[in-house]
There are 2 protein chains.
Amino acid sequence: MVADPPALRRADWELPATATAALRRPEQAAEQLAALAAAAEPGARLGTKEELRVHCGVSVGTFNEALRLVQARGVVDVRPGRTGGLFATRQSPLVRLGNSVLALDKDAASVADAVRLRDALDPLLVEDALRHAAPSDVTAMRAELDRMRTAAADLDGIAFIHANWALHARIADVSPNAMLRSFYLSLLEIIESHTLAVQPLGDEPLPEYIQSRYDLHAALVDAIDARDEPRAIALIHEHNMTAHTS
Amino acid sequence: MVADPPALRRADWELPATATAALRRPEQAAEQLAALAAAAEPGARLGTKEELRVHCGVSVGTFNEALRLVQARGVVDVRPGRTGGLFATRQSPLVRLGNSVLALDKDAASVADAVRLRDALDPLLVEDALRHAAPSDVTAMRAELDRMRTAAADLDGIAFIHANWALHARIADVSPNAMLRSFYLSLLEIIESHTLAVQPLGDEPLPEYIQSRYDLHAALVDAIDARDEPRAIALIHEHNMTAHTS
DNA sequence: TGAGCTAAACCAGCATGGTGATTGGAGCGG
DNA sequence: CCGCTCCAATCACCATGCTGGTTTAGCTCA
């Protein structure tokens, strides 16, 4: 039995360039660890750091980096002491959701998809706003409404749509559902980062379109303020039927 | 000017136990880096590894771990070469979404919230299924439907609801919208991990309730198969008005 | 038997020093 | 002026060895 010699030079560890590209060693090791953890029962002991480090074939520092990554992903748990080591963690669905979103390809987030999702979630947020909006929340909404009105008067489409998003964000802020809030706000960001200006649906002239959008949102905030649920729901549906931003 | 001495012993680096708890040094350093990156313009050079390592007051290994973390979060970018170093990155909304979900408190995912979200997304998935379902997809759906029927015949509520979820997952699989798919499937997982059995709405006896749920889903798959959009939409709305699982 | 101590096996940091790749500027010859 | 080579800065790994905390198996002893 020969102890394998230390990998002092790069050639000793750098595997053939084919298909290795772009993935650094810590990430490779992290993948191995994640695979190990996924294959094991939750709570199972995977081994000591040293054992697994050797198994991954990396140095201490690199292994610590890999470990930190999988730990951040909530896939493994490290425990000290005599019976310590690495343990597979039961992955909560929420963590899986986070990771699956992170794993999503960058261009997987088409704006059209995001808009569609946002439209589906809008009614929920309006519902929540109806139920939970405090006076201060409504005040914040009206402030954004003012910005929209100013932008509409200036015919500044860019400012208008930004104020519009801000209003929707204010509405979302009211929801007690953290998941919904977080997701909706991110959708808004996705849309915002790809959208340049307002654009009416069909042939309606822009000033009239902006004005009608403003009126609709003002009515929505009024309905929320008045706790007029049917009206608010109707308005948000109209909102999503007539909007078109690109 | 005195060069500060090496921190050879633990007392040299371990700051007073108050308020430090639970956050390891690599995470602390990662926070510092993230703050730096957030304060800077996207693309700005934050400094060399060595400079920032000293700024964070940690050792090389620890700093590398911190670096790997913020890199995984996509907030910084490390570049080699003479003009290399750390650079602030423009964080994509999708990455922010992923991180915000990961940051969500574990108990933030109440089942009720998840159910509400799922119900809001169901119509979108049915729409997508109507548009994109291939014959093989429908076959898969019918297989789950069979499992539901068997479970219904056995009056096995557990098996029934699992088959039901599997059917919904099949429907979701058809959607070309990766974000929607991913999110919906995770919601299903959240619900699944907290739900024990079917429970009818109101006083309807269980066998009849299960039968009616089966009929509804069977009709839905038929409508998808027949590309009968109005009917499918109507069914999914009925689905979400009458369901109650806990 | 049971309470208490010891020591082994872990992990978390630290420091130092080395090889090799990547990058861009500086200098030089044609 | 252009292209070439060379070099300094910087990163990505590697190896080794140290201090000190935590956990528990196992032993001792009343």
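Each chain gets a letter, A, B and so on, in the order its sequence line appears, and its residues count up from 1. Just so it is clear, the model here is predicted, and its values are computed rather than measured.
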Is any side-chain nitrogen or oxygen of [X] closer than 4.0 Å to OP1 or OP2 of [N]?
X     : N      : answer
B:R82 : C:dA21 : no
A:K49 : C:dA9  : no
A:R9  : C:dA21 : no

Whole-Å distance separating the [atom1] atom of [X] from the [atom2] atom of [N]:
X     : N      : atom1 : atom2 : answer
A:L52 : C:dC10 : CG    : P     : 12 Å
B:R45 : D:dA9  : CZ    : C1'   : 10 Å
B:R79 : C:dT23 : CZ    : C1'   : 11 Å
B:E65 : D:dA12 : CD    : C1'   : 15 Å
B:E50 : D:dA8  : CD    : P     : 19 Å
B:D12 : D:dC18 : CG    : P     : 18 Å
A:E27 : D:dA12 : CD    : C1'   : 11 Å
A:N64 : D:dT16 : CG    : C1'   : 14 Å

Candidate nucleotides [options], ranked by approach to the side chain of [X] - the nearest:
X     : options                : answer
B:P6  : C:dG13, C:dA15, D:dA12 : C:dA15
A:P26 : C:dG24, D:dC13, C:dG13 : D:dC13
B:V60 : C:dT16, D:dA12, C:dC11 : C:dT16
B:R10 : D:dT16, D:dG21, C:dG13 : D:dG21
B:T48 : C:dG24, D:dT10, C:dA15 : D:dT10

Closest-nucleotide 5' rank along DNA chain D - winner of B:G85 and B:A11: B:G85
B:L67 vs B:W13, nearer the 5' end of DNA chain D by closest nucleotide: B:L67
Aromatic ring proximity A:W165/A:H168, centre distance under 6.0 Å: no
B:L52 side chain near B:L36 side chain, heavy-atom distance below 4.5 Å: yes
Listed partners of B:S186 passing side chain to side chain donor-acceptor pair (under 3.5 Å), at least two apart: none
Atom CZ of A:R9 with >12 non-hydrogen neighbours under 6.0 angstrom: no
Charged tip of B:R79 within 45° of B:F87 ring normal and under 6.0 Å: yes
Pairwise 5' ranking along DNA chain C for B:G61 and A:E51, keeping only the more 5' one: A:E51
